[in-house]
Amino acid sequence: MILGNCTTPSVFTLVALSDIPSLQVVLFVIFLSIYVIAILGNLCIIFTYKCSSNLRTPMYFFLANFSFLDICYISTTVPNMLLNFLSEHKTISFYGCVVQLYFLMLLGSTECYILAAMAYDRYNAICQPLQYNIIMNKVSCIKFIFWSWVIGVINANIHTTLTFTLPFCGSNMINYFFCDIPPLLNLAYTDTWINELATFVIGGLVTMGSLLLTMISYVNIIYTISKIRSNSRRMKAFSTCVSHFTVVTIFYGSGIFIYLKPRSNYIMEHDRLVAIMYTVIAPLLNPFIYSLRNSDVKDAARKIIREKFTLAIC
């Protein structure tokens, strides 16, 4: 892996969240707990969807797919973090870094458009209830998922290729706890304006494009809800969107902060905290946001537990 007189490092060194050895163990326990809870929480949503006939609707079809993405997303970064918490040398191989960045871009982009599809589903349910079953049929839902993954693959291929064709001739220390575009650009041994432009333009199209679609759905939803005379019906309609809007705010807010700003504004200490929000905390919170505020999910989960408990006794 030689570019002129430049040899690409076979291993990158990652920066620890803390240099205090005793705190490393505490962080290991905290992040392991977060990881296990996030995996179990998202698996519970998928399991509840698969086992409950009452949840076989487009809304919960998208939610189950989103939970699967969250499991993959948090698994892209946290396992290596856990290993590094207990290791003296906090490293990741060059090819491990390539794979990690690829899946971060793939899963993040796919989540953007699944969130947009979920907003469109709520728009049709509230604004066009009589045509809902026709518009949001099974084939349409599968197409939404398929094209979300296609966009994710294209985005991941572009950014991963552009990033890892850069020469990394100097330090091999990434000022981050995982491989991401901003810290890798800072490490590159050349002018990275093409990469910065690609991140801003392509990342902007993917992120802001899906956010625009989401906002268009919500503007129409809010307008329709505002015309409902009954307070109880208005609150019921609004409650079906609150959970999704909360997730959208967390996900897009942190993503835009990280990727859609000039390189000169990167402050890695601050960015690391924001990165934890969308790579670790968001997948942890999403199952609770969607289930605690959703009576259908809670009722379906209770019914499944009662049925399994009854079968166990019998």
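Count residues from 1 along the sequence.
- Taking the six-membered ring where the residue is Trp, the centroids of Y278 and F251 are separated by 6.0 Å or more.
- Annotation for F68: atom CZ does not count as buried by contact number, only 12 or fewer foreign heavy atoms lying within 6.0 Å.
- For the side-chain hydrogen bond (donor to acceptor under 3.5 Å, both in side chains) with H159, the lone residue among T163, N157, N155 that qualifies is N155.
- For S210, the side-chain hydrogen bond (donor to acceptor under 3.5 Å, both in side chains) partners are Y252, not counting sequence neighbours.
- In this structure a side-chain-to-backbone donor-acceptor pair under 3.5 Å is present from N286 to A282.
- Ring geometry for F94 versus F164: interplanar angle over 60°, hence perpendicular rather than tilted (30 to 60°).
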From CA spacing to verdict: side chain to side chain contact (heavy atoms under 4.5 Å, CB included), I216, Y123: CA-CA 9 Å; I216 289 172; Y123 158 74; over 6 Å; no
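- A donor atom on one side chain and an acceptor atom on the other are found under 3.5 Å apart for N137 and S140.
- Going from atom NZ of K227 over to atom CD1 of I222 covers 14.0 Å, rounded to the nearest 0.5 Å.
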D180 vs M105, side chain to side chain contact (heavy atoms under 4.5 Å, CB included): CA-CA, chis, key distance, verdict: CA-CA 9 Å; D180 203 358; M105 294 297 104; 3.8 Å; yes
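- Residue-environment remark: CE (M215) exceeds the threshold of 12 foreign heavy atoms within 6.0 Å.
- Within a 6.0 Å sphere centred on CZ of F103, other residues, nucleotides and ligands contribute 12 heavy atoms or fewer.
- When each of F31, Y35, F177 is tested with F85 by the rule ring-ring contact (aromatic ring centres under 6.0 Å, His included), just one qualifies, namely F31.
- Classified by interplanar angle (parallel below 30°, tilted 30° to 60°, perpendicular above 60°), the ring pair F168/F12 is perpendicular.
- Within the cation-pi definition used here (under 6.0 Å to the ring centroid, within 45° of the axis), R56 qualifies as a partner of Y49.
- With ring centers used as reference points, F178 lies under 6.0 Å from Y176.
- No continuous path of ILVMFWY side-chain contacts below 4.5 Å connects L166 to V11, so the two sit in separate hydrophobic clusters.
- Side-chain atoms of K90 never come within 3.5 Å of backbone atoms of V15 as a donor-acceptor pair (strictly under, hydrogens ignored).
- Side-chain atoms of Y60 and N54 form no donor-acceptor pair, as typed in the model, at a separation below 3.5 Å.
- Formation of a donor-acceptor pair under 3.5 Å by the N42 side chain with backbone atoms of P283 is found in this model.
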